[in-house]
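No experiment lies behind these values; they were computed from the predicted model shown. Heavy-atom basis, side chains included; hydrogens, waters and symmetry copies ignored. A, B, ... follow the sequence lines: proteins, then strands. Residue 1 opens every chain.
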2 protein chains.
Amino acid sequence: MSSNKKPDNSIPSAGKLQHELKKKKPFESLAQEAWLNLVRTHSQLQIRGERMLAEFGLTGCQYNILRILRGEGHPLPILEVASRTISPVPGITGLIDRLEKAGWVCRERSTTDRRVIYVGITDPALELLSKIDQPLNDLHEEIMQPLSQGDRRELIRLLEQLRCHASEHPE
Amino acid sequence: MSSNKKPDNSIPSAGKLQHELKKKKPFESLAQEAWLNLVRTHSQLQIRGERMLAEFGLTGCQYNILRILRGEGHPLPILEVASRTISPVPGITGLIDRLEKAGWVCRERSTTDRRVIYVGITDPALELLSKIDQPLNDLHEEIMQPLSQGDRRELIRLLEQLRCHASEHPE
DNA sequence: TGTAATTAGTTTATACGTCATCTATTTTGG
DNA sequence: CCAAAATAGATGACGTATAAACTAATTACA
């Protein structure tokens, strides 16, 4: 790729984020500004999600696991659960530990391959999830409210492009 | 291990993400899909940033603090640093501790208000940062490469709208 | 058959986000 | 001038991300 691109093509906006961060200098590139906006926006929204779930005694991570188990409808091997979350293998053990101690999942060793441990969701957890569904949907709507339906599609498209590219060039 | 999947009757509305997550049902709303895309994309990109910084012995959080201190050009009160990062007050202490132990910042108690502790960046840290600048910019460019300049602006605009709304309705 | 390689999962260690609580130092108000 | 409120920061506890090293069960292969 040529770095001879008209640099002025990419003059970053004198954005709101620059002011939020009390940055003295404008961003060096649109790429950097977009990156920082993504990070910043994510963390703001993440906090709201976590707070909502905390009212039900769950962390975002725990909620994700329960959602996966509910969606699947039957117990899954622990590593299969891990592969569907962000958390890598080692972290999953403690996560399942805490969920089990709270009575929301149960472990069950496979009879055919004794290395495998299945995790299943319990009825109380299903009940808990059903109570969370509506408030969480409401939160998502509330958060996305400033965006039109078209804007939401556009956002999804842009993010998908980034993710798609990233998974093709993991380095 | 059984892969007895019956073909799902529901017609997936759009998403690659749905497939990524092995979700059986499509998303319930654009808001939810956009939210999940944001979370997922962020975590993928975040990992790449962290890995790059790890090669220089820094975490993302530590790097942020050093960037702030370099940008400011003079020592800042600890709480001022905290206010410019995502991390709230309590977490900042340990962060500064570790940075200090590594020799990248130094603490200095204010003479006028003895409650205040200033944090300043050291010369070795400045040197370290200067070595990181280029690779990090390259990474940002690489990550944003699939987006045109116009798309980048659009992404920034959408994210700013979300953040702006969120900060007005912190709930 | 017996040993090496794989695979599933745990343990340990470091770093960070978040909350509640604590100390030390101003500042304020009667 | 002194007690109460406010402020700066530290501490401790819990949950999570991440990597490295480990155990135990299974499979591959010579």
Side-chain angles (χ1 to χ4, degrees), chain A residues 39-40 42-66 75-102 104-105 107-119, chain B residues 1 39-40 42-66 75-83 85-102 104-105 107-119:
Chain A
V39 170
R40 193 80 175 176
H42 171 266
S43 71
Q44 267 196 26
L45 302 189
Q46 188 72 4
I47 287 174
R48 298 188 60 183
E50 293 285 348
R51 271 209 253 277
M52 213 227 67
L53 290 174
E55 295 173 15
F56 295 90
L58 289 179
T59 66
C61 202
Q62 294 172 339
Y63 174 77
N64 279 337
I65 292 179
L66 295 182
L76 286 176
I78 284 192
L79 288 195
E80 178 62 26
V81 174
S83 78
R84 301 194 196 184
T85 64
I86 306 148
S87 44
V89 187
I92 204 73
T93 298
L95 271 166
I96 301 295
D97 282 350
R98 282 181 287 271
L99 285 172
E100 190 175 27
K101 204 163 65 179
W104 284 319
V105 303
R107 279 179 164 96
E108 187 184 341
R109 191 172 284 271
S110 164
T111 55
T112 64
D113 184 339
R114 287 163 37 74
R115 290 171 307 181
V116 177
I117 295 183
Y118 285 93
V119 196
Chain B
M1 191 253 314
V39 170
R40 193 81 176 176
H42 171 266
S43 70
Q44 267 198 26
L45 303 190
Q46 188 70 6
I47 286 174
R48 299 187 61 184
E50 294 285 347
R51 271 209 253 277
M52 213 228 66
L53 290 174
E55 294 173 16
F56 295 90
L58 288 180
T59 66
C61 203
Q62 294 172 341
Y63 175 76
N64 279 337
I65 292 179
L66 294 182
L76 286 176
I78 284 192
L79 288 195
E80 180 62 27
V81 175
S83 79
T85 65
I86 306 149
S87 45
V89 187
I92 204 72
T93 298
L95 272 166
I96 301 295
D97 283 350
R98 283 180 286 270
L99 285 172
E100 190 175 28
K101 203 162 66 181
W104 286 320
V105 303
R107 279 181 165 94
E108 188 184 338
R109 191 172 284 271
S110 164
T111 55
T112 64
D113 184 340
R114 290 166 37 74
R115 291 169 306 181
V116 177
I117 294 182
Y118 285 94
V119 196

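One finds a side-chain N or O of A/Thr59 lying less than 4.0 angstrom from the OP1 or OP2 phosphate oxygen of D/dT16. At the phosphate of C/dC16, OP1 or OP2 sits under 4.0 Å from a side-chain N or O atom of B/Gln62.
Atom pair A/Ile96:CD1 and C/dT10:C1' shows a separation of 13 Å (rounding to whole Å applied). Atom NE2 in B/His42 sits roughly 12 Å away from atom P in D/dA17 (whole-Å rounding). Atom-to-atom, CD1 of B/Ile117 to C1' of D/dA10 comes out at 9 Å; the value is rounded to the nearest Å. Here the C1' atom of nucleotide C/dG17 and the CD atom of B/Gln46 are 13 Å apart, to the nearest Å. Separating the CZ atom of B/Arg51 from the C1' atom of D/dA19 is a distance of 11 Å, rounded to the nearest angstrom. Rounded to an integer number of Å, the gap from CZ of B/Arg109 to C1' of D/dT7 is 13 Å. Atom OH of A/Tyr63 is separated from atom C1' of D/dT16 by 19 Å (rounded to the nearest Å). Distance CG (A/Leu99) to C1' (D/dT16): 12 Å, rounded to an integer number of Å.
The distance from atom OG1 of B/Thr85 to atom CG of B/Leu95, rounded to the nearest 0.5 Å, is 7.5 Å.
Remark: the B/Arg115 side chain and the D/dT7 base include a donor-acceptor N/O pair separated by less than 3.5 Å.
Relative to the side chain of B/Leu95, the nucleotides C/dG9, C/dG17, D/dA8 differ in distance, and C/dG17 lies closest. Of the candidates C/dT25, C/dA15, C/dT18, C/dT25 carries the atom nearest the B/Asp113 side chain, counting heavy atoms from C-beta on. Residue B/Val116 has its side chain nearest to D/dG9 when only D/dT16, C/dC16, D/dG9 are considered. Listed nucleotides: C/dT10, D/dG9, C/dC16. Nearest to the side chain of A/Ile78: C/dT10. Of all nucleotides listed (C/dC16, C/dG9, D/dT16), C/dC16 comes nearest to the side chain of B/Cys61. The nucleotide whose nearest atom lies closest to any side-chain atom of B/Pro90 is, among C/dA20, C/dT10, D/dA17, C/dA20. In the set C/dC16, D/dG9, D/dT16, the nucleotide with an atom closest to the side chain of B/Thr93 is D/dG9. The side chain of A/Leu79 approaches C/dG9 more closely than any other nucleotide in the set C/dG9, C/dC16, D/dG9.
Among the heavy atoms of the strands, none lies under 4.0 Å from A/Glu50. Residue contacts for B/Arg107: at a heavy-atom cut-off of 4.0 Å it reaches the sugar-phosphate backbone alone, with no base atom in range. When heavy atoms are screened at a 4.0 angstrom cut-off, A/Ile92 is found touching no nucleic acid atom at all.
The minimum heavy-atom distance linking B/Tyr118 with B/Ser110 is given by the pair CE1-CB, 3.4 Å. In terms of heavy-atom proximity, B/Arg107 sits nearest to B/Ile78 at NE-CD1, 3.9 Å. Minimum interatomic distance between B/Val39 and A/His42 (heavy atoms only, all atoms of both residues): CA-CD2, 3.8 Å.
A salt bridge links A/Glu80 with A/Arg84: the closest approach of a Lys/Arg side-chain nitrogen to an acidic carboxylate oxygen falls below 4.0 angstrom.
Residue B/Val89 is the one, among A/Gly60 and B/Val89, whose nearest nucleotide of DNA chain D lies closer to the 5' end (criterion: closest heavy atom). When the nearest nucleotides of DNA chain D are assigned to B/Pro77 and A/Arg114 by heavy-atom distance, the more 5′-ward of the two goes with B/Pro77.
Exactly one of B/Val119, B/Thr59, B/Ile92, B/Leu58 qualifies for a side-chain contact (heavy atoms from CB on, under 4.5 Å) with B/Ile65. That residue is B/Ile92.
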